[in-house]
Q: 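Got a structure for you, questions after.
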Amino acid sequence: MFEHLVALPILLPMLAGVILLMPPCGKNVQVRRVVSVCLSALTLAICIGLLYQVTTTEPIVYAVGNWQAPFGIVLVADPLAVILASLTSFLGLVCALYSVSGDDEKGSFFHPLLHFLILGVNGAFLTGDAFNLFVFFEVLLIASYSLLMHAADKHTTRAALQYVIMNLVGSAVFLIALGILYGVTGTLNMADMAVKVAALTGDDVYLAKIGGLLLLVVFALKAALLPLHLWLPSTYASATPVVGALFAIMTKVGVYSMMRVYTLIFGEGAGELSHMAQHWLWGLAIATIVVGAIGVLASQDLRRLAANLVIVSVGTLVALVAVQTKEATSAAIFYMVHSTLVSAALFLLADLIARQRGKVLDRITAGRGVNQERILGIAFLIAGLTVIGMPPFSGFIGKLWLLDATFDAEHAAVFWPVYLLASFALLVALAKAGATVFWQRPQKDVAVIETEDASSNQLVAVYLLVACSPLLVIFAGYFTELSEVAAGWLHNQDAMKSLVLGGRS
């Protein structure tokens, strides 16, 4: 019975997208909104139930059409995949709730596209097949292309064009890499590929290395890792804020793919190809943190600041992936959840602040005051303290954990100073942004422009995200144990190979 739950985080968003395109949802705005929020909540409930099941027993392998691995397509619900699917579903629910105040009417088909994006992201997390990872990448990218054009202007179109072109090139490279690996190993099932890669000899080793490094290029592009990060700041800053908040999970798909591929396939048991990407990941991660921190300091508006914070979080996560230990992976899982939620909260807060400051919008400059100064100020304060890692919020736990996990790492002498200096840069930038937006007023009188207060559902959506930071601290024991369990299964390569290839479904 429980094995069928694995398909529901993929099937439910697909069904939701189709239903929302059909009458009466397609023509009645209120019905469409209610159905979208309800189906988002149902998807989240299914993911939480599945998470409870896989953490109390063992990962579930679901053979589609009852074709067993490696001959058929399998979905693998291990704790890591289900944690991230639950995170995606929660973020989708919050964005659906936020959008019903009118953001969903600024363009066409927002709610169906939201669910199709969740379908692609959840599929990428749950698939056990490298080719279907490519397929789900394309599903989420097609949905993201359309969401970028939601309420688009000429600036959004220019940023979207850059995003589309780079990802089309990335998709072509992905197919080439998969073709090379399939030619060498004769399989695209990740667990079976891990077995075959370990047995390679001669020239096949070098071909597999080429394929593996091409995959690194693709995942670096998806994750916005230096130097393939240039598309992210302009793309995320020009998208509507609710879309930017939803996109906070997109870079994590690239980071997750690195964790999965370079731990299971090219991990400790890969023979000559063991840890083949580790050296590259360290250098790129540290450089990404530096560039992201500079971008945060140079940001002139809140949305671009939030976009550059995403780049810093990606660099931090990739540094943890490069360590290739269970402890580092545990820290990365906790940090991934924390950083995604706070980044999404900042995008939504930037939108609410911009709506209440007249022509100044969300620019970090003196301007008229925010109408709901206390409500939005408290939310911004919590989000800012979370980002810079101040107690008693989740960023503090995440920072201590990742510093401890990298203490004995090969490049710790470089990573620690860079990360701590970057954290100080974030402190300076966020303190300046908060003080300017909420306290600094222009010397001249500005024309009074009527603005609208944030609606109750918008405030609920923002505070749902902001409240996750103290909740991650209050229930830190449970969440750290959950992260350790997920990391344990990811690094237990023999158990995962046996589970996937043993015929369980």
Side-chain angles (χ1 to χ4, degrees), residues 87 91 159 223-226 229-239 241-255 285-320 332 334-354 362-364 379-390 393-399 402 418-437 462 465-466 468-469 472:
L87 175 64
L91 193 58
L225 195 64
L226 190 92
H229 72 293
L230 297 175
W231 60 269
L232 189 145
S234 58
T235 300
Y236 279 38
S238 61
V242 68
V243 172
L246 187 61
F247 281 10
I249 192 65
M250 296 254 299
T251 53
K252 308 308 185 292
V253 179
V255 176
I286 292 171
T288 302
I289 293 172
V290 172
V291 171
I294 294 172
V296 170
L297 288 171
S299 296
Q300 297 180 351
D301 59 73
L302 293 178
R303 280 194 288 177
R304 191 168 290 271
L305 185 148
N308 282 296
L309 285 173
V310 172
I311 294 176
V312 175
S313 70
V314 167
T316 306
L317 285 168
V318 173
L320 290 168
F334 184 91
Y335 189 89
M336 193 181 299
V337 174
H338 135 80
S339 62
T340 301
L341 294 171
V342 73
S343 298
L346 284 170
F347 277 110
L348 298 185
L349 275 170
D351 182 39
L352 296 182
I353 291 169
D362 64 332
R363 290 195 294 275
I364 305 173
F380 186 86
L381 177 64
I382 296 173
L385 292 175
T386 300
V387 168
I388 62 179
M390 294 292 288
F393 300 107
S394 59
F396 179 68
I397 294 177
K399 180 176 288 188
L402 72 89
V418 167
Y419 181 73
L420 293 175
L421 286 173
S423 298
F424 179 73
L426 301 191
L427 169 62
V428 172
L430 286 164
K432 177 189 174 184
T436 302
V437 169
V462 167
L465 292 171
V466 170
C468 289
S469 178
L472 283 171

Q: Would you say that Thr288 contacts His229 through its side chain, given a criterion of any heavy-atom pair below 4.5 Å between the two side chains?
A: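 The answer is no, as the side chains (C-beta and beyond) never meet within the 4.5 Å cut-off.
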Q: Going by heavy atoms in the side chains, are Leu346 and Leu309 under 4.5 Å from each other?
A: yes
Q: Report the distance from atom CD1 of Ile382 to atom CG of Leu465, rounding to the nearest 0.5 Å.
A: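 Ile382 CD1 to Leu465 CG: 12.0 Å, rounded to 0.5 Å.
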Q: State, with a plain yes or no, whether a side-chain heavy atom of Phe347 is found less than 4.5 Å away from one of Leu302.
A: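 Not in contact.
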Q: If I compare all heavy atoms of Phe380 with all of Ala433, which pair ends up nearest, and what's the gap?
A: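 Distance-wise, the nearest heavy atoms are CZ-CB, 4.4 Å.
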Q: Keeping the roles fixed (side chain from Thr235, backbone from Leu232), state whether a donor-acceptor pair exists under 3.5 Å.
A: no
Q: Measure from the side-chain N and O atoms of Ser469 to the backbone N and O of Ser394, and report whether any donor-acceptor pair falls under 3.5 Å.
A: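 Yes; judged by distance alone, with no hydrogens or angles, the pair exists.
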Q: Taking all non-hydrogen atoms of both residues into account, name the closest pair between Ser339 and Ser343 and its distance.
A: O-OG, 2.7 Å
Q: Between Leu87 and Ile249, is any pair of side-chain heavy atoms under 4.5 Å apart?
A: yes
Q: State the CG-CG distance between Leu472 and Leu341, to the nearest 0.5 angstrom.
A: 7.0 Å
Q: Might you point out which heavy atoms bring Ala287 and Leu226 nearest each other, and give the distance in Å?
A: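 Scanning both residues completely, I find the closest heavy atoms to be CB-CD2, 3.2 Å.
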Q: Going by heavy atoms in the side chains, are Lys252 and Leu317 under 4.5 Å from each other?
A: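 Yes, side chains in contact.
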Q: Could you tell me which non-hydrogen atom of Ala307 sits nearest to which non-hydrogen atom of Tyr236, and how far apart they are?
A: CB-CB, 3.9 Å
Q: Side chains of Asn308 and Ile311, heavy atoms from C-beta outward: is any pair under 4.5 Å?
A: yes
Q: Search all heavy atoms of Ala224 against all heavy atoms of Thr251 and return the closest pair with its distance.
A: CB-CG2, 4.3 Å
Q: Ignoring hydrogens, what is the shortest heavy-atom contact between Ile364 and Ser299? Give both atom names and the distance.
A: CD1-O, 3.8 Å
Q: Enter the distance from Met390:CE to Leu381:CG here, rounded to the nearest 0.5 Å.
A: 10.0 Å
Q: To the nearest 0.5 Å, tell me how far Leu385 CG sits from Leu430 CG.
A: 9.0 Å
Q: Pick one: which of Ile294, Val418, Val314 meets side-chain contact (heavy atoms from CB on, under 4.5 Å) with Ile289?
A: Val418
Q: Working to the nearest 0.5 Å, report the span between OG of Ser234 and CZ of Arg304.
A: 6.0 Å
Q: May I ask you to decide if Ile388's main-chain N or O and Lys399's side chain share a donor-acceptor pair within less than 3.5 Å?
A: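 Yes, the answer is positive, given that a donor and an acceptor are paired below the 3.5 Å cut-off.
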Q: Kindly say whether Ala239 contributes a backbone atom to a donor-acceptor pair with the side chain of Arg303 at under 3.5 angstrom?
A: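 Yes, because the side chain of Arg303 sits within donor-acceptor range (under 3.5 Å) of the backbone of Ala239.
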Q: Give a yes or no answer on whether the side chain of Tyr419 reaches the backbone of Thr316 with a donor-acceptor pair at less than 3.5 Å.
A: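 Checked: no pair found.
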Q: Mind telling me whether His338 and Phe334 have parallel, tilted or perpendicular rings, with 30° and 60° as the class edges?
A: parallel
